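Read through the structure below, which is laid out as structure tokens, and then see the notes.
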Amino acid sequence: MRKNYSQSRAMLAIAKASLRAILRSPSAVIFSIAFPLIFILVFGFLSNGDHQALKIAFDEQSDTTNVLYHALKEGSGLSIVSGNTESIKEDLEKGRIIALVNIIESNVSNAKFSVELKSTEAVNPKNLETVRSLIDGVIKSIDRTIYADNPTIATISSQVEKVPGRIYRTIDFILPGQLGFSLLSSGVFGVAFIFLSLRQTLVLKRFFATPLNRKYIILGEGIARVCFQMTTAIIILLVGHFFFGFTLVHGWVTFLELLLLSLIGLFVFMGLGFIVSGLAKNEAAVPPIANIVTLPQFLLAGTFFPIETFPGWLQPFCRVLPLTHLNDAMRNVAFEGAHLTDCGMQLGILGIWTVIAYGVAFKVFRWE
């Protein structure tokens, strides 16, 4: 008796064959696993928190009418963070700002004001010392110009009040970026090369001679790519956590949420890969087109450096890129303690990119 043709069994056969092809591809292994792990190893051995921007905030009780306050705000080389008391406290505890500065009237005769600092163990001591030096430099500058006849306008308290906080390691910034790097590389380059190769070798055309539905061809290839990349994500997260102390605030819950974010990101980037495979006429055309899609994201989406380090005119463009919002969501979940339900903005923008990517892919994708 003749058995009915199984679409799902044929799809799984395609997925199995495609997964084998991926594992045998040196470029797939290098870009998806080797490169991210190399960067993690390099940055994992760097001193913690060196990339931290010099951000401070003023205590709500601070005197804001004096010349020192205005000098610190306008020309000290420090970035001033403003907000309500709760947000400032949270930023301080999580190391997003280096110190809370309080300018009060001095109780000693040789200075008009006293500067008190509040910080946290999450801040690199070198960065805190740099902030002290910059404030001291501003004080000396004011002394030379305005208060030349007085001993000094202010002194900095030698005692720094410390509040509890988690240490923000270099790996906590780098690993989400490298995981995003891996997902983007796999989604764009992997999909583009695979479907272009299947089209050029007439494999897709041969599939059409079978009862296999077209959607199952794409699903089979997609399952293979997802299985490979999720395995890669697991390796990257486990290596970062157990060897370099990458923070998973809520343990396995955070780990699973990061995997789900990886799956969402991969789905978005695969859509971009379908666009590249549809636009490219041959294998030589894939790298230039794919690099136009990926290179700006590798460099500008907060993969290696915080977006705040870029010029102000460039930052709006950085915040449009899908990898930026995937990286932000991963860092919020891993270190800040957020859950997926707290990442509505990032997920919403990734959803918009998904609609755009697959809408364009549907228009440009070619089967033959």
Side-chain angles (χ1 to χ4, degrees), residues 11-12 14-23 25 27-33 35-36 178-199 203-204 207 213-234 236 258-280 283 285-287 289-298 301 303 321-327 329-330 346-367:
M11 176 189 69
L12 292 177
I14 291 175
K16 183 178 179 180
S18 181
L19 183 58
R20 285 179 177 175
I22 294 171
L23 295 174
S25 170
S27 61
V29 176
I30 289 173
F31 280 101
S32 296
I33 302 178
F35 275 5
Q178 295 310 308
L179 181 53
F181 172 94
S182 175
L183 294 167
L184 183 60
S185 296
S186 178
V188 175
F189 284 95
V191 169
F193 275 115
I194 283 178
F195 275 91
L196 181 65
S197 176
L198 292 176
R199 191 168 66 235
V203 172
L204 287 179
F207 279 147
N213 191 293
R214 289 185 178 185
K215 67 181 180 183
Y216 287 101
I217 299 173
I218 294 179
L219 284 174
E221 295 289 348
I223 289 173
R225 181 61 52 185
V226 167
C227 290
F228 172 74
Q229 199 56 42
M230 288 301 99
T231 302
T232 299
I234 291 171
I236 291 174
L258 289 175
L259 288 183
L260 184 54
L261 276 173
S262 298
L263 182 61
I264 293 170
L266 180 62
F267 186 68
V268 176
F269 300 143
M270 285 174 63
L272 300 178
F274 284 123
I275 294 175
V276 174
S277 69
L279 295 176
E283 286 190 359
V286 170
I289 299 174
N291 280 323
I292 291 174
V293 174
T294 60
L295 193 57
Q297 301 193 68
F298 290 155
T303 302
L321 302 173
L323 183 57
T324 297
H325 297 280
L326 179 64
N327 288 341
M330 285 187 171
Q346 291 88 352
L347 293 176
I349 293 176
L350 288 174
I352 293 172
W353 271 103
T354 301
V355 174
I356 294 172
Y358 284 93
V360 175
F362 181 79
K363 296 291 185 181
V364 303
F365 189 78
R366 291 177 292 134
W367 290 96

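When a residue number appears, it is its place in the shown sequence, counting from 1. Because the structure is predicted, anything quoted here is derived from the model rather than measured.
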Any residue meeting side chain to side chain contact (heavy atoms under 4.5 Å, CB included) with Leu23, in chain and number order, not counting sequence neighbours: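 Scan of Leu23 (side chain to side chain contact (heavy atoms under 4.5 Å, CB included), adjacent residues dropped) gives Leu19, Phe228.
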
Ignoring hydrogens, what is the shortest heavy-atom contact between [X] and [Y]? Give both atom names and the distance.
| X | Y | value |
| --- | --- | --- |
| Val286 | Ala280 | CG2-CB, 3.7 Å |
| Pro296 | Leu321 | O-CD1, 3.8 Å |
| Leu272 | Gln297 | CD1-NE2, 4.1 Å |
| Met330 | Ser262 | CE-OG, 3.3 Å |

As an exercise, state the distance from [atom1] of [X] to [atom2] of [Y], rounded to the nearest 0.5 Å.
| X | Y | atom1 | atom2 | value |
| --- | --- | --- | --- | --- |
| Thr231 | Leu259 | OG1 | CG | 10.0 Å |
| Leu258 | Ile234 | CG | CD1 | 11.5 Å |
| Leu279 | Ile275 | CG | CD1 | 7.0 Å |
| Asn327 | Gln346 | CG | CD | 10.5 Å |
| Ile264 | His325 | CD1 | NE2 | 14.5 Å |

Non-hydrogen side-chain atoms of Lys16 and Leu12 separated by less than 4.5 Å: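 No, side chains not in contact.
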
Flag, side chain of Ser18 to backbone of Ile14, donor-acceptor distance under 3.5 Å: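 No, because the side chain of Ser18 does not come within donor-acceptor range (under 3.5 Å) of the backbone of Ile14.
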
Just list the side-chain donor-acceptor pairs under 3.5 Å for residues 178-196, sequence neighbours left out, or say none.
unit_1 : atom_1 : unit_2 : atom_2 : d
Ser182 : OG     : Ser32  : O      : 2.6
Ser182 : OG     : Gln229 : NE2    : 2.6
Ser185 : OG     : Phe181 : O      : 2.9
Ser186 : OG     : Arg225 : NH1    : 3.1
Ser186 : OG     : Gln229 : OE1    : 2.9

Hey, can you pull the donor-acceptor pairs under 3.5 Å for the side chains in residues 354-363, sequence neighbours left out?
unit_1 : atom_1 : unit_2 : atom_2 : d
Thr354 : OG1    : Leu350 : O      : 2.8
Tyr358 : OH     : Phe267 : O      : 2.7
Tyr358 : OH     : Gly271 : N      : 3.4

